[in-house]
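Structure record follows, encoded as structure tokens.
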2 protein chains.
Amino acid sequence: MTAMIRSRPLVIDAHRDRNVCLHCQARPFSVCSVISDADLERLGAAAVTVTVQPGHTFIQEGDPAEHFFNVTAGTAKLFKLLPDGRRQVTGFAAIGYFLGLAVSSSYAFSAEALDTVRICRFNRPKLRALLDDFPALEKKLLEVASNELVVAQEQMLLLGRKTARERLASFLIARANLLPHCAGHAPDGAKERIHLPMTRSDIADYLGLTIETISRTLSRFKAEQLIEIPNNAEIVVLKHETLDNIATGMT
Amino acid sequence: MTAMIRSRPLVIDAHRDRNVCLHCQARPFSVCSVISDADLERLGAAAVTVTVQPGHTFIQEGDPAEHFFNVTAGTAKLFKLLPDGRRQVTGFAAIGYFLGLAVSSSYAFSAEALDTVRICRFNRPKLRALLDDFPALEKKLLEVASNELVVAQEQMLLLGRKTARERLASFLIARANLLPHCAGHAPDGAKERIHLPMTRSDIADYLGLTIETISRTLSRFKAEQLIEIPNNAEIVVLKHETLDNIATGMT
DNA sequence: CGTGTTATTGATAGATTTCAATCAATGTGG
DNA sequence: CCACATTGATTGAAATCTATCAATAACACG
């Protein structure tokens with residue numbers, strides 16, 4: 001029975017706990033942070049908690065956009081496809097990420113769980129009602145969308161004008177800066193161990209390269225002692241500043 | 001004297017007309033459309049109308065983001081630079097375009113007028129006050145930002161995964177779809193004359209290519225009788241559907 | 001331990017860039 | 001009014017970066 005549930009790609013967690021949101025560990029990182037404790041019950045009532053198994057596509061590009069999502073655990077890759085299968089990963093959604101901002105009637109991208117992903121799901125009418133009642137939430141969403149736009153423009157610069165080496169350095173630096181202790185810059189000697197829940201293929205599709213180029217470039221970084229690769233899912237950044245310079249095209 | 005004024009790159013139009021917004025021809029295309037006629041005076045009071053001369057950079061990446069802009073005439077190119085001068089044009093802002101959505105304290109991109117551009121300028125505190133008073137405006141901004149995000153993702157797919165030929169076809173189709181009469185698709189025989197206020201170099205920087213590749217690819221499209229090039233600033237689309245198929249990688 | 005998946009490494013090919021020359025359009029000054 | 005310079009666009013030839021094709025290697029998992 002347990003095994004059967006595990007194998008289901010998408011599980012709606014049975015809960016009618018009025019306090020799901022209050023104890024949600026994703027709250028400080030997500031749009032929900034603008035909702036006061038008092039109003040949180042209202043939010044929880046509108047949300048459905050879902051667990052998505054690794055590899056499962058829970059948003060399909062072109063499908064009617066019925067839901068909005070908030071990631072509370074795990075990481076998902078967001079991507080678009082061309083008819084012949086070429087893929088562009090447009091981003092990785094981790095804890096706190098709000099998904100589904102498109103006002104269009106259908107999703108503009110697909111989303112697939114990289115590991116076990118937990119999401120908070122809202123349907124359109126309910127979110128709309130929440131937005132009407134909590135202007136702060138709407139403000140927060142605008143803020144989130146604006147930041148997303150800045151990130152998207154940065155990615156366009158990367159995809160349009162950076163070399164493979166610069167792209168990968170940018171990616172590693174961005175990942176390193178996700179680390180909790182890295183509000184500022186890490187000194188060039190300090191080791192930063194970054195976790196990569198995605199495959200080399202996902203990284204390639206994110207950076208507009210091939211898996212071979214990713215592999216070769218990482219090997220070269222290793223040879224230059226800029227990084228260490230303890231295993232496929234982890235990379236240790238040895239020289240943050242040097243990588244940062246490469247990332248911004250200063251070498 | 002007139003010549004002297006003409007030569008100034010940025011001219012603040014002298015006006016204290018309470019009805020500037022009421023008769024603004026950009027209103028139906030811009031965020032202002034959600035403001036009722038009655039409230040429009042309030043909007044006009046917060047805005048400063050500015051004329052920007054061709055070639056002038058009126059937003060500088062990294063500068064403190066003091067203003068928001070709404071384009072009411074002309075076209076501007078938005079771009080980011082790498083230290084060594086490599087440029088990525090992230091978009092073209094024409095009539096109705098709202099600029100400055102980043103919540104950050106500094107601009108994430110630069111903006112340069114391609115032709116004579118007229119903009120409506122708001123400073124941060126005044127726009128914030130407007131947003132507090134008109135929730136519909138905030139809703140509209142969120143809608144605009146969300147749409148921008150969809151466009152940005154589409155552009156990432158283009159930059160990361162499309163060939164030069166596909167990129168240029170995508171660009172031409174997008175331009176053709178801007179034409180007022182093109183709500184739906186134009187039949188493959190109908191001629192669409194698209195206007196290009198930007199140079200080949202701007203197109204190259206927008207599509208992540210070089211000026212030479214743009215030129216070669218356009219020449220090839222012409223040889224294949226998909227387009228005509230009456231002059232550098234205009235292109236006639238002869239076979240919309242064929243170009244559309246190329247754009248989506250279906251050939 | 002096979003076995004299949006994922007990653008690495010090598011050799012070659014190809015698309016686009018780079019370098020270079022020419023052409024066209026526009027403007028300027030003598 | 002016409003040489004001349006300037007800017008933008010086109011076209012050609014060569015170079016380069018990355019992709020593709022191919023073969024191992026490393027790893028995870030039952």
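If you're wondering where the values come from, they're calculated on a predicted model, not measured in any experiment. Below, each value reflects all heavy atoms present in this structure, side chains not excepted, and no hydrogens, waters or symmetry copies. Each chain gets a letter, A, B and so on, in the order the sequences are listed, and its residues count up from 1.
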Exercise. Under 4.0 angstrom, heavy atoms only, what part of the nucleic acid is A/Leu209 near: base, sugar-phosphate, or nothing?
Worked result: sugar-phosphate

For this session: Output the residues of residues 162-170 of chain A in contact with DNA chain D, where contact means a heavy atom of the residue under 4.0 Å from an atom of the strand; sort by number or write none.
Result: A/Thr163, A/Ala164

Problem set entry | Of the listed nucleotides D/dA22, C/dA7, C/dA20, the one nearest the side chain of A/Ile211 | C/dA7

Exercise. Does the pair A/Arg87 and A/Asp202 meet the rule for a salt bridge (Lys or Arg N to Asp or Glu O under 4.0 Å), with working shown?
Worked result: CA-CA 9 Å; A/Arg87 185 195 322 268; A/Asp202 293 332; 5.5 Å; no

Exercise. Taking CD1 from A/Ile214 and C1' from D/dT18, how many angstroms apart are they, rounded to a whole number?
Worked result: 11 Å

Exercise. Distance check: side-chain N/O of B/Ser219 vs OP1/OP2 of D/dT11, anything under 4.0 Å?
Worked result: yes

Problem set entry | Side-chain N or O of B/Thr213 closer than 4.0 Å to phosphate OP1/OP2 of C/dA15 | no

Exercise. Can you name the nearest heavy-atom pair linking A/Phe98 to A/Asn70, along with the distance?
Worked result: CA-OD1, 3.6 Å

For this session: Check whether the side chain of B/Arg216 and the base of C/dT18 form a donor-acceptor pair under 3.5 Å.
Result: yes

Exercise. Out of curiosity, B/Thr49 OG1 to B/Ile12 CD1, how far, rounded to the nearest 0.5 Å?
Worked result: 10.0 Å

Exercise. So what does B/Thr199 hit on the nucleic acid, given a heavy-atom distance under 4.0 Å: a base, only sugar-phosphate, or nothing?
Worked result: sugar-phosphate

Exercise. Less than 4.5 Å apart, any side-chain heavy atom of A/Ile119 and any of A/Leu99?
Worked result: no

Exercise. Can you tell me if the side-chain N/O atoms of B/Thr210 get under 4.0 Å from OP1 or OP2 in C/dT17?
Worked result: yes

Exercise. Between atom CZ in B/Arg220 and atom P in D/dA9, what is the gap in whole Å?
Worked result: 21 Å

Seminar exercise, completed: Result for 5'-nearest mapping on DNA chain D, choosing between A/Pro230 and B/Arg161, is B/Arg161

Problem set entry | A/Glu212 CD - C/dA11 P separation (whole Å) | 15 Å

Exercise. CZ of A/Phe221 versus C1' of C/dT8: gap in Å, rounded?
Worked result: 16 Å

Seminar exercise, completed: To the nearest angstrom, the CD1-P distance between A/Ile203 and C/dT6 comes to 13 Å

For this session: Please report the closest heavy-atom contact between A/Arg161 and B/Asp205, naming both atoms and the distance.
Result: NH2-OD1, 2.8 Å

Exercise. In whole angstroms, how far is the P atom of D/dT11 from the CG atom of B/Leu218?
Worked result: 10 Å

For this session: Would you kindly give the CD1-to-P distance between A/Ile229 and C/dT6, to the nearest whole Å?
Result: 18 Å

For this session: Kindly compute the distance separating NZ (B/Lys162) from CG (B/Leu157), expressed to the nearest 0.5 Å.
Result: 5.5 Å

Problem set entry | Minimum-distance pair of heavy atoms, taken over all atoms of A/Ala65 and A/Ser104 | CB-O, 4.0 Å

Problem set entry | Separation of D/dG8 P from B/Met198 CE (nearest whole Å) | 15 Å

